2 protein chains.
Amino acid sequence: MRGSPWRASRERARDRQVKREAVIRAAAHAFNRKGYHNTSLDDIAATLKVSKPTVYYYVSNKEQLLFECFVAGIEPIRAAFRKARRLKASARERLQAVLGHYGQAVASEFGWCMVRAEDQDLSPAMSAHIKSLKSEIDQGIRRLLREGVQDGSIHPCDPKMTAFALAGALNWIAHWYRENQSMTGAQIAAAFITVFENGLIPRESAETGHRPEGRLAARIAR
Amino acid sequence: MRGSPWRASRERARDRQVKREAVIRAAAHAFNRKGYHNTSLDDIAATLKVSKPTVYYYVSNKEQLLFECFVAGIEPIRAAFRKARRLKASARERLQAVLGHYGQAVASEFGWCMVRAEDQDLSPAMSAHIKSLKSEIDQGIRRLLREGVQDGSIHPCDPKMTAFALAGALNWIAHWYRENQSMTGAQIAAAFITVFENGLIPRESAETGHRPEGRLAARIAR
DNA sequence: CATGCATCATACTCACCGGTAGCTATCCTA
DNA sequence: TAGGATAGCTACCGGTGAGTATGATGCATG
């Protein structure tokens, strides 16, 4: 009588968790493709080959579904900050690491939900919760920028506006990136970081990662 | 029988146009505040103190309302490109001019609609139309980037990725900017351009517009 | 004054969708 | 093997919102 029943109970609980996550992922997929408002819970249920009440057995309502997708999307970014904090490197390098994970998160299956979860579609409580998570990320970027300006690894800038620009560019990935693209999320993030770091104004220092067609063509031509 | 009746007719037509534009603006305002799906045509009608059929008297359906808002938002950007083309300056300066207007457009009352009009909410025809307008803008930015790399006014870069980064950062303004902010659209655009142009990596060349607290504090302290 | 067009309201239809009530089947536990 | 928890279903409710049928009003034209 001891061990066996408890083990079964734990198995059930784990099973439930797995199914619940399947529901979340199915929702994320549907939101991705058709948008939140154009996705009905019947749609989500159908892709899982269950009925709508079954979906409600795992989540309490549609709003919570969106919230869970949001959290699943943003959690890797928070993890990236924690990891970067333990890094012994210049602030710019730490920022680089964070932005790399940020870009990958936005390009992930939960990217759309994370980026586009809208205030207007959420109850005040959920909205506040999400806003605080977003603010945490924003403040983290600003902090790294300030530290970078301080330690000399980042060009003097307005941390607030710069953070907006960085986050905006990365968030926007969710609008144009779809699977089966030629680039992975990591590659996109790397390309963006190169753009941000160099800036548009030419630099004297030669090699900066990207080799433009112009020079390549010139080298081939000669 | 000549002149007077025709003039009256023209007056009526102009009157209708004015009212039609009022409907579009009211829609843009509502979409801005509550989002497309959370805005009913009754809402829009109510703010104009008319009934729903009156709205339908001026536009054929809700989708068209969104489309008109989109066009109203994107037109200034197209105009900026036309103006920039006539400019005799380096590609970077022309790009600067375009991005300035771009940012202002996104921060305008139609910015939300322009940026967030979603494929999934539109008929295939409308979606294709909007996509082509967006693509025109994207191609215009890429072209300016290529020209800038060519004429040496822009640091060598991947035009496609750089255009995505620039447009993304500016588009994202629509997500966080609301009226009654401390900055105008033009000021935000200027701040962003400074970020893009300088890049994160420090430069030798001293003055770059922004004077960070760090150095200022240091200078005051000594 | 009669005709016709422009403008707008009342009051409806119809479809969709979030959420629930209540039933059934299965399987673990005692 | 009885009792209860787990997991799922069918069938429904209630609300909402896009779009419309119909008609009233008013104004310019003839």
Side-chain angles (χ1 to χ4, degrees), chain A residues 1-24 26-27 30-31 34-69 118 120-123 126, chain B residues 1-23 26-27 30-31 33-69 118 120-123 126:
Chain A
M1 197 228 277
R2 42 159 284 273
S4 161
W6 292 103
R7 191 170 54 93
S9 166
R10 271 203 310 275
E11 267 169 25
R12 272 204 310 275
R14 201 175 50 220
D15 201 45
R16 184 187 168 87
Q17 188 59 26
V18 167
K19 290 188 184 177
R20 188 183 144 91
E21 279 163 17
V23 172
I24 309 284
F31 295 159
K34 314 199 297 176
Y36 179 69
H37 287 281
N38 295 320
T39 299
S40 73
L41 289 179
D42 277 317
D43 290 338
I44 297 170
T47 67
L48 292 167
K49 297 195 202 304
V50 297
S51 67
K52 185 166 58 175
T54 301
V55 172
Y56 274 94
Y57 181 68
Y58 291 99
V59 297
S60 60
N61 53 34
K62 192 181 181 183
E63 183 190 5
Q64 198 199 8
L65 219 37
L66 180 58
F67 179 75
E68 299 283 356
C69 291
E118 306 214 35
Q120 311 120 353
D121 302 332
L122 296 163
S123 68
M126 285 284 181
Chain B
M1 198 231 274
R2 39 161 286 274
S4 161
W6 291 103
R7 192 171 52 93
S9 167
R10 271 204 309 275
E11 267 168 24
R12 273 205 306 276
R14 202 176 48 224
D15 202 45
R16 183 186 167 86
Q17 189 57 28
V18 167
K19 289 187 184 175
R20 187 184 145 91
E21 278 162 16
V23 172
F31 294 160
R33 276 206 2 264
K34 313 198 297 178
Y36 180 69
H37 286 282
N38 296 319
T39 299
S40 74
L41 288 180
D42 279 316
D43 290 338
I44 296 171
T47 66
L48 292 166
K49 296 197 203 302
V50 297
S51 67
K52 187 165 56 172
T54 301
V55 172
Y56 274 94
Y57 182 68
Y58 291 100
V59 297
S60 59
N61 53 35
K62 192 180 181 184
E63 183 190 5
Q64 197 198 9
L65 218 38
L66 180 57
F67 179 75
E68 299 283 356
C69 292
E118 306 215 34
Q120 311 119 354
D121 302 332
L122 296 163
S123 68
M126 285 285 182

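The shown structure was predicted, so the numbers you read here are calculated from the model rather than taken from an experiment.
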Measure the distance from [atom1] on [X] to [atom2] on [N] and round it to the nearest whole Å.
X: A:Q64; N: C:dG19; atom1: CD; atom2: P; answer: 11 Å
X: A:K34; N: C:dC17; atom1: NZ; atom2: C1'; answer: 12 Å
X: A:I44; N: C:dC17; atom1: CD1; atom2: P; answer: 12 Å
X: A:Y36; N: C:dC17; atom1: OH; atom2: P; answer: 13 Å
X: A:Q17; N: D:dA7; atom1: CD; atom2: C1'; answer: 16 Å
X: A:N38; N: D:dA18; atom1: CG; atom2: P; answer: 13 Å
X: A:H37; N: D:dT16; atom1: NE2; atom2: P; answer: 15 Å
X: B:Y56; N: D:dG23; atom1: OH; atom2: C1'; answer: 20 Å

* To do: Determine, stepwise, if the pair B:Q120 / A:F31 fulfils side-chain contact (heavy atoms from CB on, under 4.5 Å).
  => CA-CA 10 Å; B:Q120 311 119 354; A:F31 295 159; over 6 Å; no

* **Heavy-atom side-chain contact between A:H37 and B:N38 under 4.5 Å** => yes

If you check the [X] side chain, which of [options] turns out closest?
X: B:L41; options: C:dA21, D:dG19, C:dG19; result: D:dG19
X: A:K62; options: D:dG17, C:dG19, C:dT20; result: C:dG19
X: A:T54; options: D:dG8, D:dG19, C:dA11; result: D:dG8

Under 4.0 angstrom between [X] side-chain N/O and [N] OP1 or OP2:
X: B:R16; N: C:dA6; answer: no
X: A:Y57; N: D:dG8; answer: no
X: A:S40; N: C:dC16; answer: no
X: B:S51; N: C:dA9; answer: yes

* At under 4.0 Å between heavy atoms, what does B:T39 touch on the DNA or RNA strands: base, sugar-phosphate, or nothing? -> sugar-phosphate

* Asked: How many angstroms lie between atom NZ of B:K49 and atom OG1 of B:T54, to the nearest 0.5 angstrom?
  -> 14.0 Å

* Do you know which two heavy atoms are closest between B:Y36 and B:K62, and how far apart they sit? -> O-NZ, 3.1 Å

* Would you kindly check whether a donor in the side chain of A:K52 faces an acceptor in the base of C:dG19, or vice versa, at under 3.5 angstrom? =>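 Looking at the base of C:dG19, it does pair with a donor or acceptor on the side chain of A:K52 (distance under 3.5 Å).
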
* Any donor-acceptor pair under 3.5 Å joining the side chain of A:K19 to the base of D:dA7? -> no

* Residue whose closest nucleotide on DNA chain C lies nearer the 5' end, A:D42 versus B:Y58 ->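 Counting from the 5' end, the first nearest nucleotide belongs to B:Y58.
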
* From CA spacing to verdict: side-chain contact (heavy atoms from CB on, under 4.5 Å), B:V59, B:R20 -> CA-CA 8 Å; B:V59 297; B:R20 187 184 145 91; 3.9 Å; yes

